[in-house]
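Worksheet: the structure to be examined is printed underneath.
Below, each value reflects all heavy atoms present in this structure, side chains not excepted, and no hydrogens, waters or symmetry copies.
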Amino acid sequence: MSYVLGIDIGTGSIKGLLLNSKDGSIDNYSSPYKTFHPKKGFSEQNPNDWINGLKNIFEYYSNKLNDFNSELEAISFSGQMHTLVLLDKFDNILRPAILWNDVRTTEETILLNSINNVKKITLNKAVEGFTLPKILWIQNNEPEIWEKVDKILLPKDFMIYYLTKKFVTEPSDAAGTLMMDIDSKQWSSELLNEFNIGKDKLPNIISSLSFAGFLNKEFKVLFHFSKNIKIYMGGADNACSALGIGIKNESQSMLSIGTSGVLLSVANIDNSNNEDVHIFNHVIPDTYYKMGVTLSAGASLNWFKNIAFHNEKYDEIFQKLEKYKYNNSIVFAPYLNGERMPHADSDVRGAFLELDINSTRYDLLIAVLEGIIFSIKDAFNINNIRKIENVISVGGGAKNEFWLQMQADIFEKPIIKLQNEEGAALGALIIAAIGAGIYDSFEESFEKLIKVEKIFYPNENRRKYYREKFIAYKKVYSKIRIK
């Protein structure tokens, strides 16, 4: 018997998934940490909090399982994309990490989108969340920090460097920096030279499935690990989430509602730079995926619950909604922290439209749920959605059948709910398990770990209603944007 561990460095917490190779059982544990917002539009975290969270995971399993320390074989990582971590030549953290949902970089984004070769090389338009605009912001606003920068890292790569001293990354995360040539899977010398970024400041790019190194002596001694524990690269959180639910062809898609909202499907990169969606390398070799992203999906729901249903539990709230008649004209725009796609606008903010004297908090809640799904549908665009046959829903959006049915009606596609959905950490776990020889292939891991619980089909009457309401939603941005 042996164990392998998949770790996801998320926006709100670090999550560990532990696989028991003997019986195939999976155990999970999460350790939360704080996000700081020192100014409007700023979003930062302390990378040391991620390290402390990992220690909490090790401690939890050490206390729970008497053979964890002797039988742990391998670890792999997924992590929030784009987030910028900077180290000096002594490996000190130079400043708080700038997160993917930080929108301070509008000027830098405008500059990047005026340079034709950026999209030609990366297949992506610049948005505030990407890593390169953050680097340019540091150069422009914190030159004293930039002078000290020795290493530029993403969250999972920072963790791997901390644990192994191997300065490496892989294509699925590197693609989201806006500095990698998506075709060659190497850093673009043209872009690095353009923006005065030394290639030696960036980690070597190796395969997502690669062995990165062994867990360092400090951690091995601290937690009394018996074996030389292997660390495998893993990948970006969205790529690992797709892997963890078995997304492997263009007919399938993943709808993920966490802090942000994502619709993702496997992509053919031919002519993809004509599309207004993100195109990135998958963790599956020689495969790509495209995704539409909105900034405040689950964040919008959490915000509204805290002000309108503060002391009530989600299960109780949704149980009441199932009996609630919600044919109303209220439209919610979930732009609470600006928007990413299809409106790259860091200044726009959220809004309710069509409120009247009879509107209740339940009417507004329905509008929030609808607005979140509308925004994701809008980000991915109708032409891409037509190619999809079914959608697997994960994250907070998969927790309630009422919302799952709404997703089916709005997308006009079957929505699949899995028996056990563990998100990006499961994709990381699969990579660790293949590295450790527990599974021989992705296909075997899908067969063993991924089971369908229920499929939600579009209701004909409801989808007609939502088709009309989506048209009304698409008009909202032009009414509320800051000119």
Side-chain angles (χ1 to χ4, degrees), residues 11 35-45 80-87 94-155 157 169 173-182 187-199 201-203 236 260 273 276-280 293-296 335 337-349 379 481-483:
T11 306
T35 300
F36 304 96
H37 305 281
K39 294 182 181 179
K40 180 182 177 181
F42 284 33
S43 185
E44 300 182 342
Q45 287 179 352
Q80 46 178 289
M81 296 180 71
H82 317 309
T83 294
L84 176 65
V85 183
L86 300 174
L87 305 182
L94 285 168
R95 68 172 326 281
I98 304 178
L99 265 60
W100 59 272
N101 57 357
D102 186 290
V103 292
R104 74 183 73 179
T105 58
T106 299
E107 291 183 10
E108 289 77 14
T109 300
I110 292 170
L111 169 66
L112 288 167
N113 283 326
S114 71
I115 302 172
N116 292 331
N117 281 353
V118 172
K119 187 170 184 181
K120 181 180 177 181
I121 293 167
T122 68
L123 294 190
N124 288 281
K125 291 196 303 185
V127 296
E128 282 88 350
F130 285 177
T131 316
L132 180 54
K134 303 180 197 308
I135 292 172
L136 300 187
W137 187 91
I138 295 291
Q139 290 178 347
N140 294 333
N141 294 275
E142 297 179 354
E144 72 285 358
I145 295 292
W146 180 248
E147 286 180 6
K148 298 177 183 177
V149 171
D150 186 67
K151 296 179 180 66
I152 298 170
L153 290 159
L154 299 162
D157 308 325
T169 188
D173 236 357
T177 65
L178 213 67
M179 294 183 286
M180 189 188 81
D181 183 319
I182 197 169
W187 300 118
S188 167
S189 296
E190 182 176 344
L191 294 178
L192 298 186
N193 292 336
E194 175 77 23
F195 301 110
N196 192 30
I197 301 169
K199 193 173 183 179
K201 290 180 167 59
L202 295 167
S260 63
N273 63 335
D276 287 328
V277 292
H278 299 325
I279 308 290
F280 298 131
V293 182
T294 61
L295 288 180
S296 298
Y335 308 143
N337 194 36
E339 190 48 292
R340 183 157 167 178
M341 302 177 72
H343 314 295
D345 188 341
S346 63
D347 294 321
V348 71
R349 289 297 181 266
R481 67 182 178 180
I482 299 173
K483 299 293 191 290

Rounded to the nearest 0.5 Å, how far apart are [atom1] of [X] and [atom2] of [Y]?
X      : Y      : atom1 : atom2 : value
Glu128 : Glu339 : CD    : CD    : 10.5 Å
Lys199 : Ser188 : NZ    : OG    : 9.0 Å
Ile138 : Glu144 : CD1   : CD    : 8.5 Å

In sequence, state the C-alpha distance, the side-chain angles, and the governing distance for Asp181 and Ile121, and then conclude on side-chain contact (heavy atoms from CB on, under 4.5 Å).
CA-CA 5 Å; Asp181 183 319; Ile121 293 167; 4.0 Å; yes
Donor-acceptor pair, [X] side chain versus [Y] backbone, under 3.5 Å?
X      : Y      : result
Thr83  : Trp100 : yes
His37  : Phe42  : yes
Asn113 : Ala126 : yes
Asn124 : Ile279 : yes
Ser260 : Ser296 : no
Gln45  : Thr11  : yes

Looking at [X] and [Y], what are the two nearest heavy atoms and their distance?
X      : Y      : answer
Thr35  : Leu99  : CG2-CD2, 4.0 Å
Val118 : Leu112 : CG2-O, 3.6 Å
Lys134 : Leu84  : CB-CD2, 3.8 Å
Asn337 : Gly41  : OD1-CA, 4.3 Å
Asp157 : Thr169 : OD2-OG1, 2.7 Å
Gly176 : Met81  : CA-CE, 4.2 Å

How are the rings of Phe130 and His278 set relative to one another: parallel (under 30°), tilted (30 to 60°) or perpendicular (over 60°)? tilted
Please assess His343 against Val348 for the test side-chain contact (heavy atoms from CB on, under 4.5 Å), listing each intermediate value before the final yes or no.
-> CA-CA 9 Å; His343 314 295; Val348 71; 5.8 Å; no
Any side-chain heavy-atom pair of [X] and [Y] under 4.5 Å:
X      : Y      : answer
Ile197 : Trp146 : yes
Ile135 : Met179 : yes
Trp187 : Met180 : yes
Leu111 : Glu108 : no

field: Step-by-step side-chain contact (heavy atoms from CB on, under 4.5 Å) determination, Leu191 to Thr122
entry: CA-CA 10 Å; Leu191 294 178; Thr122 68; 3.8 Å; yes
State plainly whether the residues Arg104 and Glu44 are in salt-bridge range, i.e. N to O under 4.0 Å. yes
Apply side-chain contact (heavy atoms from CB on, under 4.5 Å) to residues Ile152 and Leu86 and explain how you reach the verdict. CA-CA 5 Å; Ile152 298 170; Leu86 300 174; 3.9 Å; yes
Is the number of heavy atoms from other residues, nucleotides or ligands within 6.0 Å of NZ (Lys148) greater than 12? no
> Can you tell me if Glu190 and Asn117 form a side-chain donor-acceptor pair at under 3.5 Å?
Replying inline: yes
Of Thr106, Asp102, Thr105, the one forming a side-chain hydrogen bond (donor to acceptor under 3.5 Å, both in side chains) with Ser346 is Thr106
